[in-house]
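Numbers restart at 1 for each chain; the letters A, B, ... are given by sequence-line order, proteins then strands. What's counted below: heavy atoms across the whole structure, side chains too, no hydrogens, waters or symmetry copies.
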Amino acid sequence: MRMSQLFSQTLREAPSEAEVVSHRLLLRAGFIRQLAAGIFSYLPLARRSLNKIENIIREEINAIGGQEVTMPVVHPADLWKETQRWYQIGSEMGRFKDKNNRDMVLAMTHEEVVSDLVRKEIRSYRQLPRLIYHIQTKWRDDPRPRAGLIRVREFTMKDSYSLDADWEGLDLQYRNHYQAYFNIFNRCDLPVIAVKSDVGMMGGKMAHEYMYLTPIGEDTLLLCDQCGYSANRQIALFRKVKPPEEKMLPVEKVSTPNCKTIADLATLLDIPESKTAKAVFMMATIPQGVETVDKFVFAVVRGDMEVNETKLTNAVKAKELRPATEEEIRVVGAEPGYASPVGLKDALVVVDDLIPQSPNLVAGANEEGYHLINVNFGRDYSADIVTDIVSAQEGSLCIHCGGSLREVRGVEVGNIFKLGTRYSDSMGCTFLDKDGQEKPVIMGSYGIGSGRCMACVAEEHNDELGLKWPISVAPYHVHLVLLPGKNDKKAVQIGDEIFTDLCQAGVEVLYDDREESPGVKFTDADLIGLPIRLTVSDRMVKQKSVEFKFRRSEDKEIIAKDDVMTKVKTEIARMEAEIKSKVVEMPFKD
RNA sequence: CGGGGUGUAGCGCAGUUGGAAGCGCGCUGCGUUUGGGACGCAGAGGUCGGCGGUUCAAGUCCGCCCACCCCGACCA
């Protein structure tokens with residue numbers, strides 16, 4: 001490609017709204033342009049990188065038996081009503097009516113459409129297992145798009161769907177994806193880890209997320225360096241240290257004016273926060289048959305810990321959970337800031353499983369300005385549910401080995417879910433098994449955001465001058481810089497020749513044939529960040545030589561013009577081999 | 001949805017007390033220059049986010065709205 005013809009330009013300064021480095025560089029280098037919050041156009045350079053990422057995905061998913069299809073972006077709402085997700089999902093779903101006033105949905109994901117295909121196409125166990133996938137646009141009207149391409153509303157995702165006759169089949173396809181995903185990210189030179197995750201709106205049995213670790217990530221992960229345990233904070237388990245046993249003391253009411261927080265309380269009474277009980281109030285929307293009911297949830301955890309909303313949501317089997325308002329709190333007889341599980345009415349009391357082992361805690365008195373000391377679970381109050389509802393944090397003890405957990409941030413670039421029969425059951429995806437029994441198809445779903453993946457590669461590979469693409473994802477292999485000098489057509493001739501020869505040999509070349517000063521051309525080359533830079537200049541031409549430089553190195557090498565082809569092809573092959581060597585077998589971590 | 005911020009030329013920004021819309025970069029033309037964002041001359045480019053109000057007069061003051069960014073809530 002001649003740069004003089006390229007549809008995009010570099011920007012000397014990035015628009016001020018771009019803060020994250022991948023966003024700034026992708027804008028400045030002319031890869032992307034923003035249309036609205038979380039909605040982007042992908043210009044030719046980005047498109048080429050995305051094509052490479054998507055082709056890597058195709059190769060790896062085809063290798064585990066995937067068959068590519070394309071499913072629609074616009075769906076009739078009826079399909080989503082069948083699985084209830086039309087009702088369960090809120091404003092994040094794009095909805096509109098067609099000209100006949102029918103409800104329509106913009107695809108957030110494609111389980112419904114896959115299931116519809118499956119129930120129409122799959123009749124017999126002889127047609128299973130299958131794996132289908134597509135690379136398609138999704139719309140999720142996220143409340144807060146941010147960080148350029150990291151979190152957008154319109155995005156492209158590769159989503160595959162596995163169809164099996166039995167659970168062993170699902171296990172196999174899940175494990176195949178587990179490895180294929182590592183292969184994909186390794187081939188993009190993007191370091192990731194797999195962590196166990198919550199199943200969220202997808203429903204299902206088991207899920208892993210592939211996380212690229214970076215401080216700009218919005219998910220918090222807990223890692224154990226000792227045994228390798230890793231999990232999203234939403235579900236991370238940890239060992240809770242049982243406090244020393246104490247004899248239960250009689251409850252006593254004490255005056256604690258202006259003490260609405262745990263920290264105030266601990267200071268005033270001169271006790272550690274672990275000797276207090278913290279009360280958190282939520283309103284949960286809980287499905288009951290087709291209907292849902294709103295239930296007031298009173299969660300009790302130790303004062304030194306935080307309620308984990310995902311765990312709490314799962315504990316009460318809620319579809320939605322939100323903080324309760326002050327009025328709602330008073331209705332159940334509690335006093336905000338001085339709340340106590342003692343003497344409540346009409347509330348679903350959920351107690352963290354460490355509380356029953358923690359004697360003589362300080363809790364609110366449900367009366368402004370007073371707390372109760374020596375409150376004991378079982379004697380003074382009881383719970384509807386006792387289970388783990390607190391978050392692991394930096395320094396928590398690993399559930400497996402007792403090592404100290406480390407907290408890191410990450411961006412989710414892929415996920416794999418064992419859906420089981422969640423969609424087969426609601427949409428009637430059944431087949432006739434060997435034994436003549438009608439059975440539900442067992443499904444899995446597996447996603448990778450290709451744009452997010454590209455952004456993460458950009459986030460990982462850059463320096464103060466610009467991007468530094470890995471060879472496998474770079475829009476072109478070679479940046480050919482032409483510096484023609486004064487009144488000399490010779491350099492132009494040589495440049496054109498090298499460009500043509502390399503292209504014919506299958507090397508992808510971006511040829512800077514613009515009438516710009518050398519400074520501009522070199523700066524743009526660094527910014528765009530192709531792996532190899534060749535410079536053809538007036539003064540080099542006289543020696544029949546060309547300058548060769550890697551984007552990732554400072555070193556410049558002068559090579560004979562006749563050696564360019566061999567050198568370039570050798571170095572590309574070497575870089576490709578280097579990437580390939582990163583593809584290794586990963587142990588499956590359940 | 002809550003908190004904070006920004007909106008003036010393609011990008012980055014200035015605009016004082018309310019009194020003729022500016023600067024740098026980029027863009028167009030001509031000439032010079034040519035190994036790390038060159039130089040000269042001449043140009044083009046504006047719904048000052050929108051609507052309403054106050055005023056002789058509004059980019060500037062007041063009200064409402066919109067968009068975008070950041071933090072939080074939420075979320076595959």
Sort out the partner of rG72(B) for me: Watson-Crick or G-U wobble, both distances under 3.5 Å, none otherwise. rC1(B)

State whether the distance check finds a donor on one side and an acceptor on the other, under 3.5 Å, for side chain Glu516(A) versus base rG37(B). no

RNA chain B: 5'-proximal contact among Phe155(A) and Ser517(A) (nearest heavy atom): Ser517(A)

Could you check whether Tyr511(A) and Asp496(A), counting side-chain N and O atoms only, form a donor-acceptor pair closer than 3.5 Å? yes

Could you please name the option among rG37(B), rG35(B), rC69(B) that lies closest to any side-chain atom of Leu527(A)? rG37(B)

With rounding to the closest Å, how many angstrom separate the P atoms on rU6(B) and rA38(B)? 34 Å

Passing candidate, side chain to side chain contact (heavy atoms under 4.5 Å, CB included) with Tyr181(A), options Asn176(A), Ile448(A), Ile57(A): Ile448(A)

Applying salt bridge (charged side-chain N to carboxylate O under 4.0 Å, His left out), name anything that partners Asp116(A), two or more places apart in sequence or on another chain. Arg119(A), Lys120(A)

rA20(B) and rC48(B), which share atom name P, separated by this distance in whole Å: 16 Å

When you compare the side chain of Glu459(A) with that of Val411(A), does any pair of heavy atoms fall below 4.5 Å? no

Nearest listed nucleotide, side chain of Met540(A), among rC69(B), rG37(B), rG35(B): rG35(B)

Compare the minimum distances between each of rU34(B), rC68(B), rC70(B) and the side chain of Arg146(A), then state the nucleotide with the smallest one. rC70(B)

Every protein N/O within reach of nucleotides 9-11 of chain B N/O, cut-off under 3.5 Å:
residue, atom, partner, partner atom, Å
rC11(B), O2', Glu13(A), O, 3.0

Looking only at N and O atoms, is any donor in the side chain of Asp538(A) or the base of rG35(B) less than 3.5 Å from an acceptor on the other one? no

Any donor-acceptor pair, under 3.5 Å, between the side chain of Arg533(A) and the base of rG36(B), if you only look at N and O atoms? yes

Would you give me the side-chain donor-acceptor pairs under 3.5 Å for residues 555-563 of chain A, sequence neighbours excluded?
residue, atom, partner, partner atom, Å
Glu557(A), OE1, Lys567(A), NZ, 3.2
Lys561(A), NZ, Glu497(A), OE2, 2.5

Please state whether the base of rG35(B) and the side chain of Ser537(A) form at least one donor-acceptor pair under 3.5 Å? yes

Can you find a donor-acceptor N/O pair under 3.5 angstrom joining the side chain of Arg28(A) to the base of rG12(B)? no

